[in-house]
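Okay, structure first, notes after.
Residue indices begin at 1 and follow the sequence shown.
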Amino acid sequence: MKYYSLKHSVISLALVAIALILAAYFYPVLPNQIASHWDASGQVNGYMPKFWGIFMVPLLMLGFFIIGVVIPYLDPFRKNIEEFRNYYELFWTGMLTFFFYIYLLMLAWNLGYVFDFVVFLVPAFAALWWLIATLLEHTKQNWFIGIRTPWTLSDERVWAKTHKLGAKLFKTGAIVMLVGILFPKFIVSFFVAAIVLSAVVPVVYSFVEYRRLHKGQ
């Protein structure tokens with residue numbers, strides 16, 4: 001059974017290859033200490049040695065690609081993954097695109113371009129959140145992808161209801177992140193609110209819904 005198409009494999013590996021080529025090309029002109037972490041105000045507060053600062057993200061991208069290819073063969077619910085394979089592939093390709101975008105921002109900053117890193121980062125997270133929502137709308141019960149709690153994995157009905165709610169909340173979270181760009185001083189607060197809304201609420205809901213469906217058992 002084939003879980004990862006040639007098209008998505010080519011796109012993903014092309015992103016990895018381009019990132020590695022950029023790393024090799026700019027390596028000689030980049031500083032010995034690479035800015036690798038920014039605080040909430042967009043100021044650098046973390047550095048890495050040159051080699052790891054430049055090559056870590058491309059290597060992580062390659063690792064994520066391998067994980068995306070391997071997961072379906074490890075999952076006992078692999079047949080379920082086949083049912084939403086197109087969205088599964090789209091998710092992993094989108095994840096690599098997300099990391100590639102962040103890598104371009106890192107390269108630009110370390111090459112001397114100064115900009116508000118957080119403002120440029122938020123739209124990427126909003127797009128990622130929307131992508132996750134799209135995946136949640138179609139995902140079937142499995143051990144690796146989705147909102148995996150003891151309650152969603154124990155009852156397919158709870159899985160379906162939790163993911164339906166989760167998809168709506170992740171889309172709402174993406175919009176909240178984008179709105180935060182209009183209020184730069186509070187952009188981090190909007191970001192945190194989006195994460196809590198989309199990541200915490202579905203977990204609590206899955207527990208409550210499981211208890212409701214299994215009341216008295």
Side-chain angles (χ1 to χ4, degrees), residues 2-74 85-135 144-145 170 174 177-178 180-181 184 187-188 191-192 194-195 199:
K2 187 177 181 181
Y3 297 97
Y4 218 84
S5 69
L6 178 61
K7 179 182 72 173
H8 283 278
S9 296
V10 170
I11 295 173
S12 298
L13 290 176
L15 290 172
V16 174
I18 294 171
L20 288 171
I21 291 171
L22 290 174
Y25 180 80
F26 288 111
Y27 190 88
V29 298
L30 287 165
N32 290 328
Q33 292 293 312
I34 302 297
S36 59
H37 193 273
W38 287 256
D39 62 21
S41 61
Q43 300 300 312
V44 179
N45 64 355
Y47 292 86
M48 294 183 68
K50 187 174 185 177
F51 178 84
W52 289 112
I54 295 303
F55 285 98
M56 183 180 69
V57 174
L59 293 175
L60 282 175
M61 290 171 63
L62 179 60
F64 270 101
F65 169 73
I66 294 172
I67 290 172
V69 172
V70 170
I71 278 179
Y73 296 97
L74 301 178
R85 181 173 63 87
N86 291 337
Y87 296 97
Y88 175 85
E89 292 178 335
L90 179 63
F91 168 73
W92 284 106
T93 304
M95 279 285 292
L96 292 182
T97 304
F98 170 77
F99 279 111
F100 183 73
Y101 173 77
I102 292 177
Y103 186 60
L104 293 180
L105 294 181
M106 289 179 59
L107 277 180
W109 183 281
N110 285 283
L111 286 170
Y113 297 94
V114 179
F115 50 91
D116 192 324
F117 201 91
V118 175
V119 170
F120 275 82
L121 195 60
V122 168
F125 271 99
L128 178 63
W129 247 238
W130 196 275
L131 179 65
I132 293 173
T134 302
L135 176 67
F144 290 96
I145 304 295
F170 266 86
M177 289 180 187
L178 292 177
I181 298 176
I187 192 169
V188 175
F191 187 76
V192 172
I195 292 176

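- Contact detail for N45 and H37: the closest heavy-atom pair is OD1-ND1, 2.5 Å.
- I11 CD1 to E89 CD: the interatomic distance, rounded to the nearest 0.5 Å, is 9.5 Å.
- Side chains of F144 and P72 form no contact here, defined as non-hydrogen atoms less than 4.5 Å apart.
- Annotation: F120, atom CZ; neighbour count of heavy atoms from other residues, nucleotides and ligands within 6.0 Å does not exceed 12.
- Atom OH of Y87 sits in a sparse spot, with 12 or fewer heavy atoms from other residues, nucleotides or ligands closer than 6.0 Å.
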Kindly determine whether W38 and Q43 satisfy side chain to side chain contact (heavy atoms under 4.5 Å, CB included), including the steps that lead there. CA-CA 5 Å; W38 287 256; Q43 300 300 312; 5.9 Å; no

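- Across M106 and A35, no two heavy atoms sit closer than the pair CE-O, 3.9 Å.
- Judged by distance alone, with hydrogens and angles left aside, the side-chain atoms of Y88 form a donor-acceptor pair with the main-chain N or O of G68 at under 3.5 Å.
- Smallest separation of non-hydrogen atoms from F65 and S12: CD1-CB, 3.5 Å.
- Here the rule is side chain to side chain contact (heavy atoms under 4.5 Å, CB included) with I187, and of D116, I181, L121 only I181 fits it.
- Atom CG of L111 and atom CZ of F26 lie 5.5 Å apart (nearest 0.5 Å).
- Note: F117 and F115 have parallel aromatic rings, judged against thresholds of 30 and 60 degrees for the angle between ring planes.
- Atom CG of N110 and atom CG of L105 lie 11.0 Å apart (nearest 0.5 Å).
- For the atom pair I132 CD1 and F170 CZ, the distance stands at 5.0 Å (nearest 0.5 Å).
- Note that CD1 of I54 is 5.5 Å distant from CG of L107, once rounded to the nearest 0.5 Å.
- Between the side chains of W109 and Y113, no donor-acceptor pair of N or O atoms lies under 3.5 Å.
- W92 and F64 have tilted rings, their planes meeting at an angle from 30° to 60° on a 0 to 90° scale.
- Of all the heavy atoms in A126 and A174, the pair that sits closest is O-CB, 3.3 Å.
- Between the side chain of Y103 and the main chain of F98, no donor-acceptor pair closer than 3.5 Å is present.
- Formation of a donor-acceptor pair under 3.5 Å by the K50 side chain with backbone atoms of I34 is not found in this model.
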Decide side chain to side chain contact (heavy atoms under 4.5 Å, CB included) for M56 and M48; before the verdict, give the C-alpha distance in whole Å, the side-chain angles of both, and the deciding distance to 0.1 Å. CA-CA 10 Å; M56 183 180 69; M48 294 183 68; 3.7 Å; yes

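- Rounding to the nearest 0.5 Å places NE2 of H8 at 6.5 Å from CG of N86.
- Nearest heavy-atom pair, S5 versus S9, reported as atom, atom and distance to 0.1 Å: O-OG, 2.9 Å.
- Of all heavy-atom pairs spanning L131 and M95, the tightest one is CD2-N, 4.2 Å.
- Applying the side chain to side chain contact (heavy atoms under 4.5 Å, CB included) test between L15 and each of L96, V10, L62 identifies L96 as the sole match.
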